[in-house]
Amino acid sequence: MSSWLERPQGSAVEYENAQQRILEVFGQWQTPDNLTTELFVVRVELEAIA
């Protein structure tokens, strides 16, 4: 399992620069031949109701 947590802080320009850096780093990654992706979850949010 892999996970990625992000907590944007700073200005809009800083946030956009961080997103660009993420694309630069992970854009070069290639899936190994022996890796099988069974599930990909983009976002899940839960809120408690009191």
Side-chain angles (χ1 to χ4, degrees):
M1 173 186 256
S2 296
S3 64
W4 179 274
L5 298 174
E6 185 176 324
R7 297 183 183 190
Q9 298 178 12
S11 68
V13 172
E14 291 171 322
Y15 181 72
E16 289 179 11
N17 289 341
Q19 295 300 308
Q20 184 61 40
R21 179 64 182 139
I22 291 167
L23 289 173
E24 289 172 6
V25 171
F26 287 102
Q28 299 174 28
W29 185 75
Q30 294 185 7
T31 306
D33 292 336
N34 63 348
L35 178 71
T36 302
T37 302
E38 295 181 10
L39 181 66
F40 186 84
V41 177
V42 175
R43 185 175 187 166
V44 175
E45 290 188 34
L46 300 173
E47 293 186 25
I49 300 174

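Numbering of residues begins at 1 and proceeds along the displayed sequence. Here the structure is a predicted model, which means the values were calculated and not measured.
- Exactly one of Q20, E24, Q19 qualifies for a side-chain contact (heavy atoms from CB on, under 4.5 Å) with I22. That residue is Q19.
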Between N17 and E14, is a side chain to side chain contact (heavy atoms under 4.5 Å, CB included) present by the stated rule, with each step listed? CA-CA 5 Å; N17 289 341; E14 291 171 322; 5.5 Å; no
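- Here the straight-line distance linking atom CG of D33 with atom OG1 of T36 works out to 10.5 Å at 0.5 Å rounding.
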